Each structure stands twice: as structure tokens, then as C-alpha cells.
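A, B, ... follow the sequence lines: proteins, then strands. Residue 1 opens every chain. Both backbone and side-chain heavy atoms feed into the values below; hydrogens, waters and symmetry mates do not. These numbers were taken from a predicted model, which means no experiment stands behind them.
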Amino acid sequence: MATPLPAYLDTLNEEQRRAVLHTGSPLLILAGAGSGKTRVITTKIAWLIKEKGLDPQSIMAVTFTNKAAREMAARAQVIEPRSAQAMLRTFHSFGAWFLRRHGKLAGLDPGFVIYDDDDSLALLATVMEGIPRPELRILAHNIARAKDYFLSPGDPELELIDHRKTFRRAYEKYQEKLQGIGNLDFGDLIKKPVELLRNHRDLAERFHERFRVVMVDEYQDANIAQSHLLKELYGPQTYLCVVGDDDQSIYSFRGAQVKNILAFSETFPKTEIIKLEQNYRSSSSILGVASSVVDHNRGRLGKTLRAVKKEGKKPVLAFLPDQDTESEFCSELIQKAGGYGDWAVVYRTNAQSLGFETEFLRRGIPYRVVGSLKFYEREEIKDALALLAFVVNPRDEVAFRRVVNKPSRGLGPAALDRIIEGGANLYEASKKTAPALSAKARSGIQTFLRAIEAGKLTLANEGKAEKKTIIGEGMREAGEAKQKAGEGFLKGSIGLSECVVTLAEESGIAAYHLSHDEVSGNQRLSNLQELANAASLYEASEEGLLEFLEHIELDRSLGEETAETAEAVTLITLHNTKGLEFKRVIMTGIEQGIFPREDKTGDDLEEERRLFYVGATRAMDELYISSCAYRRMWGKTMPMAPSIFLQEIDQKDLRIIGERPRSFAQTMGREERRPVKSSDGRWALGDRVYHDDQGYGTITQIREGDQGPVVKVIFENGQERRFLSSHQSSSYIKIGDD
DNA sequence: TAATCGATCTTTTTT
DNA sequence: AGATCGATTA
């Protein structure tokens, strides 16, 4: 005990301190909810810089969400300001950073734009003509999944995702087209860096030289491709440290593999394991409720989480008649207690937020909605972004198709085909092909090209910073003059905003959306204005534009943070609560069919349990759970049964309010329960069926229609069919009826 | 080519 | 209930 430990380590418990001070072999930290894992990581970063004299730039810490990355950066900087220079990013943002710098080695243009799921679907539609939309969706989804599993179009293992030839062909053609355009989807941001590092050992070695410390938070959320990336970043000198909790794995639908945690010790020999099992966040009664649900899972590593806090207030379970009462119940709880910022109202699906918003608005309860921000999915915003994307990458066919004929300029499918055949660079091809088009189409394409050119002109490419401010001032005046003269709908002259405004106006998109319908037109215009405002933070150059687009694609929470300072109730989905904590939490809609969702069985049901665990362990002092007897869904009022999770809690641990619906009594005490059976008793969820034309399939949904039960089947060939139990049951044969 | 009507589906969860 | 998509129509 020569030198005393620095003071900032005093507040850590023994295990936490061991984890911070650990060096050498790879380290796996199994950290239960509320056990201070973020604290361990951030302290470790600071300690490595401060005490071990590490260059902050040699430290990399990867998270899954931007929120987590930001928080990590902020907290590490409190202890050690130099932490700001460390690379603290999400997996995807690291991938984008990596590929902008080194993608050239794989023939990738550094000016790529990142496609979201919508764009991917649109791209797929261009290579798979004549395939119906729902089918395209399945294919696009499976392509994304394939990339999560690090599978390429030629991979035999693709079979496991979707064994159809159509799928293989779709993936192949999709990837070919995407490559031709030079853009990337989310999956590529992980998969391509792995491939690059594998094919260029010198580059991998340079990375091993640079990043001596690599840490990963929420490792239970990593998919196969991400675990491969980690392997490639691990060199002979690398200190590797991952933190995870198998009980909080809630993203397997996106390819996350809890197995990664189990396999970590095998992949990285001599791994040491430290468990953080003391929960500092929740009262012991809250922890008890959360644990009792997740205890019903089979597949667990098993750890004991001990509450440090006292028993506290007993969690409340409220049985309510309907969702309106639920909103009122929440409002009254909140208003009685006050302290808006202490409260979170949590639900399973984004759609459930609406009722609370209406009621909170009526009562004047301040709130903020996390994550449901559909801002970037709005038509006008996607239009504006497509214009921007086309400016940086004229090969972007998805963007081109989206906006070239919007508003209508007389460019039909025939004209478009001719342009696209004219070459991969659609800007050049448009120019070249224009004279050959009909008069109407010709003038149309020229209007479009003029708008794009005007947008380009706002970008100062040989940017000297001082010159730009002068231009900025001049532009601002010009903009204001224009505004006064009544020209233009949008304001914006600072930074990139000028480009957004110019494109939106010159293209006619602004006018189009304004005139299209009177009610939402102004809203759409103000959305465009908001986009322009966001752009003003970026430099008016091509790099600035790329940064702006990348930021939007990778972090859509933009603008949410500003409201955080305000004292407001948080409305949030269960998934989005991960990593957060609140003094008081209300878990709403805890009903069978909503949570867990009706089609969840087996491993999926276990994931829902973990989701319950995540939600409940967000609460520090008070936990409320509400379950409604009736709920309006799809315009109909449906009777609901309480969630089976509620039976898994020892009823003594809850204070129960309201009348337990009869259905609850019926389901109480039953060990195993068939998830959902059709009312005629013929079909159950998960049943295997055979159909003469379609082959084998599985029942994924049963619902009551006007003419009896309607059964939905997904076949192994990817087709989806629904049939009336009363009519067609003879052509569907149930397999392995037990 | 645009507008209108009707059928159908929606409510997972996210980088 | 509301949105969205497709087909039909002007």
C-alpha cells in the first residue's frame, strides 16, 4: 500500500474499484441493473488518462445509443477533462468514421450517404420490380438481418435467415446496386469495417497501435457483426473490457446475441470476470418485484443482485377500467406528488403515448416524449434530405427518384428510365438526356437541375473560415431582404441552412407542401424551417453537408435534449428507458397482448420478461404498475386480461388498487397457458400447418373477425396468408397436433 | 397525370 | 380511428 488511491475512487465499492484498477488480460464485467457500470467505465477512462498516463486518443469506448455515448463523455470529463479526446461513439458512428477515412481501400467514396430502412426499402424496390410491398418489406428486413449476422449474398448460411432463392437474389441485386450508388446502409457500417480490417492487415495493425484500450458498454446488445468488429480491433497490445448484463438483453429482434457474453471468455483467452451485484438505484421492494419476473426465465447466467437501499414504499399495482382512466390515474399521481421531472410514464409501444399526451396537455402537466420523434420520417423532411443527399452524391437513385418529379413536372416513368439509362451519375445523365426528352419533360428536368445547382452554389468549397463569416453576413442580409419582399417561405442564411432553404424553395418542394393542403401545409413548412435551423449549426461546405446528413441518420434524437432542462414528465417506451433512471416510474398497459405481445412465446417471451425487468429497475423510489380491463385498439374497445407477468410477482409484494378483472382470476394459478387459441378451438399461435400450394408454415396471429376466427400464417417460402377458420380450414392441415 | 374512393392494415422494440 | 396503398376514374 505505497501510494494512496486518488480520491475519486473512494466512493466506489470493492468490486467497482477492482474493475477500474484492472489491467492486463481481457475483462468481462457482469453488471446488474443499477450497479454503477457507467460509473465504472467513466472512472476507468479518467483513471487510465490521469494515473496511467495514457494518451486519451488511444482509448475507445463504444456504446449502442447516442444518448449513452454522450452521457459517458460528459461523466468522464467531469473527472478528467482530457477524456474529451477519447473516442467515445456508438458502434455505427465509429463505423462511419472509420469508412470515411479508410473506405477508399475497398473502393468506397468517402462522400457516402447513409441509408435508413426506408431508403433501403426504396432501393430494393428498384431492383425487384413487380414484387408487392409487404413482400419487399420482409426481404429488406431479412437483408438487414443477414448483415447483422455478418453474412454476404454468397453465404450458404443465408439459408438460416430465409432459404428462398428470391431472397438470395434480392440481397445480391440490392447490394450490387447499393455499391454502384456508393452509399451504405446501417449494416454496412459494421460489416464493411470488419472486411476491410481483415483484408488489410497493415491497417489493422495501425489500429492496434492507436487504440490500446477498447471498451464496450451493453455488450449483451452486440450482434455477430459487432462482435467480429471487436475481434478485429483486438491486437496483441490491446486492453479489452466489456460490460454487460444478460438480464437486460432486449434487442435480439435486431440480431443481438446474448451468446456473445457467454462466448467472450472463449474468444479472448485469459478473460477475467468481475461481477457487480450491488444495486444502488432501487429500493429493495422494487428490486424484488423486478427480479421475481425475470426469475421465471430459464436461460440466465444467474447472478444475485442485492439492494443497498432500504425496503421503501411498496410497489403499487392498479387495476383500472380503461385507458382513459389510466391517463387520469397517472395525471393524478403526478399532480399530487409534484416534481414533474421525477416521473416517467413507461409503455410498450410508441402508439400508447398519445392518450397520455392528450390528458397531460389538458391538465397542463409538462411532459416530453422520448424517442417517438418521427420528425425525420415526415414526407417533407425526407424530401429535403433527398435533395441534400443528391447534391453530395449524384449517383443516389433513391434520392433522385424521390424528388425529381416532385412537385409534378411532367416526368413520367418513361422519361425517368431514359435518364437512368443515361449513366450512373444522374446529374450528368439528366443534363445529357434532357434534349432528347419531350418538351414538357425537358423543361421539368431543367427546373430540377437548376434547383440542385442553386443548392450547390450555397456551398463554399474552398472554405476559409473568415471568408465564410463574411459570406454568411452577406447571405443573411440577402435572405432578410428576400423575406421582407415576401419572396420565399423559409428563412435561413447561417451555415448550411442557406443550402436547405435554397433547395426546398427552388425545387418547389416548399410551395408544393404549403399549397397541397391548407391544414397541414403550414406545419410542413415549419418542419422544413426546423430542419434549416438544425442545418445552421453546420458549415456551408460539402463536408458540412456530409456531417449534417450523417448526424441525422445516426442520431435522430436531435432536438429532444433541449427540452431536458425543463422540469417535465418523461413519456418513454420500455426499450428507450435502458440506461436511464427516475425517482418514480409508472409502467402502463401491463396487459396480455400488449405486454407481453400476444405472439411472444419461448425465447421471445423471455425477452419480454427482461424488458419488464429493465423497466421496473429504472425506478429509484416508487414503482406503479397499471393494467386496464378494456383498451381501444384499432378503433374498437377490446377486453384485456392482465399480463401474465403480474402473476409471476408474489402478490404480497404489491399494494393492489382497484378491482382485479375476472379474466385475471381465471388465468391465476395456471402454470402453462396456451398463448392464444381461436374461439373455435381449432388453431393456436405457433401451430405448424401445411398447405398444398404454400407448403409448411407457422401461425403467427389469430383474431376474431366478423365471420369467426381469422388465422394468419407465415409460410416457409416467405409468403403470408390469412384465412377464415370456418371456411378454409380444410385446405390448411395442422401438423403434429399434440 | 392527379384526384378520389375504398380496401386493408396498423401497434413492436432502434442504430 | 386513422393512415396508407392501390385501383379506378376524370
Side-chain angles (χ1 to χ4, degrees), chain A residues 62-69 89-96 114-118 120 132-134 136-137 141 144-145 147-148 184-191 218 221-223 225-226 249-256 323 346-355 370-374 376-379 405-415 440-441 444 512 516-517 520 550-557 572-578 589 591 593-600 604 607-608 610-612 614-615 631-638 701 703 705 710 712 720 722:
Chain A
V62 199
T63 65
F64 284 86
T65 67
N66 293 287
K67 209 185 296 154
R89 285 174 180 261
T90 65
F91 260 110
H92 290 88
S93 122
F94 170 75
I114 300 160
Y115 275 178
D116 66 11
D117 291 347
D118 265 4
S120 294
R133 199 105 193 136
L136 279 176
R137 270 179 209 285
H141 178 260
R145 196 71 337 99
K147 290 186 179 184
D148 287 343
L184 300 175
D185 60 19
F186 283 128
D188 288 338
L189 293 178
I190 310 296
K191 188 163 173 280
E218 309 274 16
D221 286 337
N223 61 34
Q226 285 159 337
S249 162
I250 54 175
Y251 284 110
S252 71
F253 67 91
R254 219 171 64 190
Q323 68 200 80
V346 180
Y347 36 78
R348 178 65 232 269
T349 65
N350 276 310
Q352 287 164 259
S353 76
L354 197 68
V370 176
S372 81
L373 207 67
K374 297 272 164 57
Y376 292 105
E377 285 164 35
R378 292 172 201 270
E379 187 188 353
N405 193 34
K406 196 167 185 175
S408 240
R409 307 185 173 94
L411 288 154
K440 207 159 105 196
Y512 169 84
H516 219 244
D517 66 297
S520 60
E550 177 172 321
H551 189 110
I552 285 169
E553 289 306 334
L554 296 182
D555 184 5
R556 300 204 155 181
S557 68
I572 190 167
T573 62
L574 282 160
H575 280 85
N576 269 322
T577 61
K578 193 149 68 131
E591 296 135 30
I594 301 270
F595 186 43
R597 284 184 58 81
E598 59 193 341
D599 51 350
K600 299 288 182 181
D604 291 344
E607 181 147 314
E608 297 278 293
R610 295 192 289 268
L611 195 52
F612 184 96
V614 168
R631 181 171 292 273
R632 272 190 313 277
M633 287 166 91
W634 306 302
K636 273 192 195 141
T637 301
M638 309 282 284
Q701 194 187 79
R703 65 162 198 237
V710 181
K712 188 156 118 188
E720 234 176 13
R722 55 187 71 218

Rounded to whole Å, please give me the gap between [atom1] in [X] and [atom2] in [N].
| X | N | atom1 | atom2 | result |
| --- | --- | --- | --- | --- |
| A:Glu608 | B:dT11 | CD | C1' | 12 Å |
| A:His575 | B:dT14 | NE2 | P | 7 Å |
| A:Asp604 | B:dT13 | CG | P | 15 Å |
| A:Ile250 | B:dT13 | CD1 | P | 12 Å |
| A:Arg348 | B:dT11 | CZ | P | 13 Å |
| A:Asn223 | B:dT14 | CG | P | 16 Å |
| A:Glu377 | B:dT11 | CD | C1' | 14 Å |
| A:His551 | B:dT15 | NE2 | P | 12 Å |

Residue whose nearest DNA chain B nucleotide is more 5′ - A:Gly410 or A:Met633:
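Its nearest nucleotide being more 5', the pick is A:Gly410.
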
Comparing nearest nucleotides in DNA chain B, the 5'-proximal residue of the pair A:Phe91, A:Arg632 is A:Arg632

Is [X] reaching over with its side chain to a backbone N or O of [Y], donor-acceptor style, under 3.5 angstrom?
| X | Y | value |
| --- | --- | --- |
| A:Gln226 | A:Asn223 | yes |
| A:Glu607 | A:Ser252 | yes |
| A:His575 | A:Ile250 | yes |
| A:Asp118 | A:Glu377 | no |
| A:Arg89 | A:Phe94 | no |

Salt bridge (Lys or Arg N to Asp or Glu O under 4.0 Å) involving [X] - partner list, sequence neighbours excluded:
| X | answer |
| --- | --- |
| A:Lys191 | A:Glu195 |
| A:Arg597 | A:Asp599 |
| A:Arg145 | A:Asp148 |
| A:Arg632 | A:Asp324 |

At 4.0 Å (heavy atoms only), tell me whether [X] reaches a base, stays on the sugar-phosphate, or touches nothing.
| X | answer |
| --- | --- |
| A:Tyr251 | sugar-phosphate |
| A:Asp117 | base |
| A:Gly187 | nothing |
| A:Phe64 | sugar-phosphate |
| A:Leu411 | sugar-phosphate |

Is any side-chain N or O of [X] closer than 4.0 Å to OP1 or OP2 of [N]?
| X | N | value |
| --- | --- | --- |
| A:Thr573 | B:dT14 | yes |
| A:Asn576 | B:dT14 | yes |
| A:Arg254 | B:dT14 | no |
| A:Asn350 | B:dT11 | no |

Nearest to the A:His92 side chain among B:dT15, B:dT12, B:dA2, which nucleotide is it?
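Per side-chain heavy atoms of A:His92, the pick is B:dT15.
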
Side chain of A:Phe253: nearest nucleotide among B:dT14, B:dT15, B:dT11?
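So the nucleotide nearest the side chain must be B:dT14.
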
Gap in Å between the two C1' atoms, one belonging to C:dG2 and one to B:dT13, rounded
22 Å

Would you call A:Trp634 stacked on B:dC9, i.e. ring centres under 5.5 Å apart with the planes less than 30° off parallel?
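Here A:Trp634 fails the 5.5 Å or the 30° condition.
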
So, for A:Thr65 and A:Thr63, which heavy atoms are closest and what is the spacing to 0.1 Å?
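Nearest pair, atom of A:Thr65 first, then A:Thr63: O-OG1, 3.1 Å.
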
Electrostatic pair A:Glu608:A:Arg348 at N-O distance under 4.0 angstrom:
yes

Can a donor-acceptor pair under 3.5 Å be found between the side-chain atoms of A:Lys67 and the base atoms of B:dT15?
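Result: no qualifying N/O pair found.
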
Please write out the pairs of protein N or O atoms and N or O atoms of nucleotides 4-8 of chain B separated by less than 3.5 Å, giving the distance to one decimal.
none

Review item, nucleotides 2-4 of chain C N/O atoms under 3.5 Å of protein N/O:
none

